[in-house]
Amino acid sequence: DSEAREMFYRDGVPAAGSTLTLPHLAETLTLIAEEGPSGFYEGKVAQAIVDTVGARGGRMTMEDLAGYEAVVREPVRGTFEGYDIVSMPPPSSGGVHLVQMLNILEGAPFAEYGLNSADMVHLMAEAARRAYADRAVYLGDPDFVDVPVAALTDKGYAETLRGEIDMAAATPSSEVNADRAKLPKESDETTHFSVIDGEGNAVPNTYTLNFSFGVGFAAEGTGVLLNNELDDFSAKPGVPNAYGLIGGDANAVEPRKRPLSSMTPTIVLRDGAPFLVTGTPGGSRIITTTLQLILNATVHGRDIMTATAAPRMHHQWYPDYIRIEEGFSPDTIRLLEEKGHEVRIQNAMGATQSILVGPDGTRYGATDPRRPDGLAAGE
């Protein structure tokens, strides 16, 4: 809209090296710094957001914004080949299914398979197929639905799923469905950065507008772009969203409900200390991208830049095909097709931003070459 165009395209498309100034956003950030949350969720910024949404036929009130609170939840935890995994909990599906897939893959002969071999890609695809099938049924806002986190991340459940995988043949997605009877009883417009400070504190941070420039308009006079997170809900059970993800009733639209996401900011610990801090944008591909970065840096033994640059694959249950980047061996593709997979070469996936801590404590940063505007820096 005109407000957003004025922010980013005031004098046409900005040239490389030019300076972009956002005075309205600076005023909003100053207000937040001075007044805290009320500087955003109340007062003139909130009123501008409500007015902008209302002018376009949406429904939002000052009470809606004033009543919103950030929620602090316990992270999802797991273990993998001697490492501890700490990742994002629901309403993100990222941590749950990252741990679930690592559980399924644990114990595989990684050295025998090798990075991006046909057997390795097949096993990752079969693990992802089952994890994303569970995602469609079980995951949602835990304030509204009972998300069986402990059951989905249980090693025994992973063993059951692993037993369904035939290393010689792909399982059609039509034959893979979430089944509560199998569960044990319980007792591209996203940005990521990773930081480790001088005292060793580690932070992986992923945040999103969902689609380029969110919904494409800004709240007048605030510099605030409005997001498109409604697409992360299941508008209708069984109908795919813009990323092709199928959802169910657990993630249906409801007032004051938080939408399901795939964000997977993750810390991998070795002997109780940060070994790897990582995460990525990428919509539905976030979880599998993070999975592969972790596998490449741990069981495949690659340095962090090689782990980052290696070609990536993705499977999400439906649509039923393996998506790969360019760079895979033609023999790998042929072997996967002989196993029954449909393989499609498509655009690059993800933009991981990672820090790996070496045995001597040296920190190695890697920004993904798939996006040209990243940065790895240290002091």
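Nothing here was measured: the structure is a model prediction, and the numbers come from that model.
- Other residues, nucleotides and ligands place no more than 12 heavy atoms under 6.0 Å from the NZ atom of Lys44.
- Pairs engaging residues 9-33 under the salt bridge (charged side-chain N to carboxylate O under 4.0 Å, His left out) rule: Glu6-Arg10 [sequence neighbours left out].
- Judged by distance alone, the side chains of Asp119 and Ser117 never bring a donor and an acceptor atom under 3.5 Å apart.
- Remark: Glu220 CD is loosely packed, at most 12 non-hydrogen atoms of other residues, nucleotides or ligands lying under 6.0 Å away.
- For residues 340-359, the set of pairs meeting the ring pair (Phe, Tyr, Trp, His ring centres under 6.0 Å) definition, not counting sequence neighbours, comprises His122-His341.
- At least one donor-acceptor pair under 3.5 Å links the side chain of Asn251 to the backbone N or O of Leu260.
- Atoms CE and CG, on Met101 and Leu105 in that order, are 8.0 Å from each other to the nearest 0.5 Å.
- Hydrophobic cluster membership for Tyr207: Phe193, Val195 (Ile, Leu, Val, Met, Phe, Trp, Tyr linked by side-chain heavy atoms under 4.5 Å, directly or transitively).
- Salt-bridge check for Asp166 with Lys339: failed, with every basic side-chain N at 4.0 Å or more from each acidic carboxylate O.
- Nearest heavy atom pair, residue Thr278 against residue Leu293, reads OG1-CD1, 3.6 Å.
- There is no path of hydrophobic side-chain contacts, each under 4.5 Å, that joins Val277 to Val76.
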Output a table of donor-acceptor pairs, distance under 3.5 Å, between side-chain atoms of residues 327-334 and any protein atom two or more places apart or on a different chain; print 'none' if there are none.
from, atom 1, to, atom 2, distance (Å)
Ser329, OG, Asp331, N, 3.0
Arg334, NH1, Glu338, OE2, 3.1

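- Across every non-hydrogen atom of Arg77 and Val86, the tightest pair is NH1-CG2, 3.5 Å.
- Side-chain N or O atoms of Tyr318 include none that pairs as donor or acceptor with a backbone N or O of Ala133 at under 3.5 Å.
- Of the possible polar contacts, none joining the Arg129 side chain to the Asp320 backbone as a donor-acceptor pair under 3.5 Å is found.
- Here Thr190 contributes atom OG1 and Leu209 contributes atom CG; the two are 8.0 Å apart, rounded to the nearest 0.5 Å.
- Ionic pairing of Asp141 and Arg256 is not present here: no N-O contact between side-chain nitrogen and carboxylate oxygen is shorter than 4.0 angstrom.
- For Glu164, the CD atom sits in a packed shell: over 12 heavy atoms of surrounding residues, nucleotides or ligands are nearer than 6.0 Å.
- Counting only distance, with no hydrogens or angles, the side chain of Thr28 and the backbone of Thr222 share a donor-acceptor pair below 3.5 Å.
- Pairing each heavy atom of Leu98 with each of Ser87, the nearest pair is CD2-OG, 4.1 Å.
- Taking every heavy atom of both residues into account, Ala297 and Leu276 meet most closely at CB-CD2, 4.2 Å.
- Atom OH in Tyr113 sits 13.0 Å away from atom CG in Leu295 (nearest 0.5 Å).
- The backbone N or O of Pro311 lies less than 3.5 Å from a partner atom in the side chain of Asn116, making a donor-acceptor pair.
- With rounding to the nearest 0.5 angstrom, the OH atom of Tyr41 is 8.5 Å from the CD1 atom of Ile49.
- Ser262 places no side-chain N or O within 3.5 Å of a backbone atom of Gly94 that could act as its donor or acceptor partner.
- In terms of modelled atom types and a separation under 3.5 Å, the side chain of Gln316 and the main chain of Ala128 share no donor-acceptor contact.
- Checked by atom type and distance alone, the side chain of Ser92 pairs as donor or acceptor with a backbone atom of Met263 at under 3.5 Å.
- With rounding to the nearest 0.5 angstrom, the CZ atom of Arg130 is 8.5 Å from the OG atom of Ser173.
- Between the side chain of Asn205 and the main chain of Pro265, no donor-acceptor pair closer than 3.5 Å is present.
- Contact record, Glu229 with Asp232: OE1-OD2, 2.6 Å, taken as the closest heavy-atom pair.
- For Asn201, the side chain to side chain contact (heavy atoms under 4.5 Å, CB included) criterion is met by Asp197, Glu199, not counting sequence neighbours.
- Side-chain polar atoms of Thr308 and Asp368 form no donor-acceptor pair below 3.5 angstrom.
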Listing, residues 62-70 side-chain donor-acceptor contacts under 3.5 Å, not counting sequence neighbours, or none:
from, atom 1, to, atom 2, distance (Å)
Glu63, OE1, Thr61, OG1, 3.4
Asp64, OD2, Thr61, N, 2.9
Asp64, OD2, Thr61, OG1, 3.2
Tyr68, OH, Arg258, NH1, 2.9

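- Lys257 contributes no side-chain N or O that, together with a main-chain N or O of Gly140, makes up a donor-acceptor pair within less than 3.5 Å.
- Side-chain polar atoms of Thr352 and Arg312 form a donor-acceptor pair below 3.5 angstrom.
- Note: Tyr138 and His97 fail the aromatic proximity criterion, with ring centroids not under 6.0 Å apart.
- Taking each heavy atom of Pro91 and Arg73 in turn, the nearest pair found is CD-NE, 3.8 Å.
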